[in-house]
Amino acid sequence: MKKNAAIASLCVMVLVFVIGIILILSSAAIGQGFGDAAMRSNGGFIDTNKYERIIESNTSNFRTVGLVLSAFGGMGILLSGHSLYKEL
């Protein structure tokens with residue numbers, strides 16, 4: 001039973017790690033998308049400083065969330081892998 005729980009935990013942690021890496025790598029595109037959406041919502045005109053701030057803040061936020069998820073997933077992979085190794 002413990003082996004099944006360790007395998008399930010390992011799979012979940014790998015998924016969390018991969019989601020975190022994807023967020024880190026695509027944070028620039030996501031931030032650009034938020035900036036473009038803000039531009040469209042204002043009729044195509046927006047202050048350049050506000051536009052850049054929207055892009056930078058959203059990029060930074062998604063990068064931070066990706067970092068936390070990938071760190072949490074990586075540590076979980078190590079712990080789950082270790083417990084699975086001890087079960088063998």
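All residue numbers in this chain count up from 1 along the given sequence. The figures here come from the full heavy-atom set of this structure, side chains too, leaving out hydrogens, waters and symmetry mates.
Phe17 pairs by the side-chain contact (heavy atoms from CB on, under 4.5 Å) definition with Ile21, Ser70, Ile77, not counting sequence neighbours. In this view, Ala38 and Ile46, Ile54 satisfy the side-chain contact (heavy atoms from CB on, under 4.5 Å) rule, not counting sequence neighbours.
When the side chains of ILVMFWY residues are joined at heavy-atom separations under 4.5 Å, either directly or via intervening members, Leu79 and Val68 end up in two distinct hydrophobic clusters. Leu84 and Leu78 fall into different hydrophobic clusters, defined by Ile, Leu, Val, Met, Phe, Trp and Tyr side-chain heavy atoms under 4.5 Å apart, directly or through other members.
Inter-residue side-chain proximity for Ile19 and Leu15 is flagged as met; some heavy-atom pair is nearer than 4.5 Å.
Rounded to the nearest 0.5 angstrom, Phe45 CZ and Arg40 CZ are separated by 15.0 Å. The structure places OG of Ser80 at 11.0 Å from CE of Met75, a figure rounded to the nearest 0.5 Å. Expressed to the nearest 0.5 Å, how far CD1 of Ile55 lies from OG of Ser60 amounts to 13.5 Å. One distance of note links CD of Gln32 with OG1 of Thr59; it measures 8.0 Å at 0.5 Å rounding.
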Counting only pairs under 3.5 Å, give me each side-chain donor-acceptor contact of residues 22-31, with atom names and distances, residues two or more places apart or in other chains.
residue	atom	partner	partner atom	Å
Ser26	OG	Ile22	O	2.7
Ser27	OG	Ile24	O	3.1

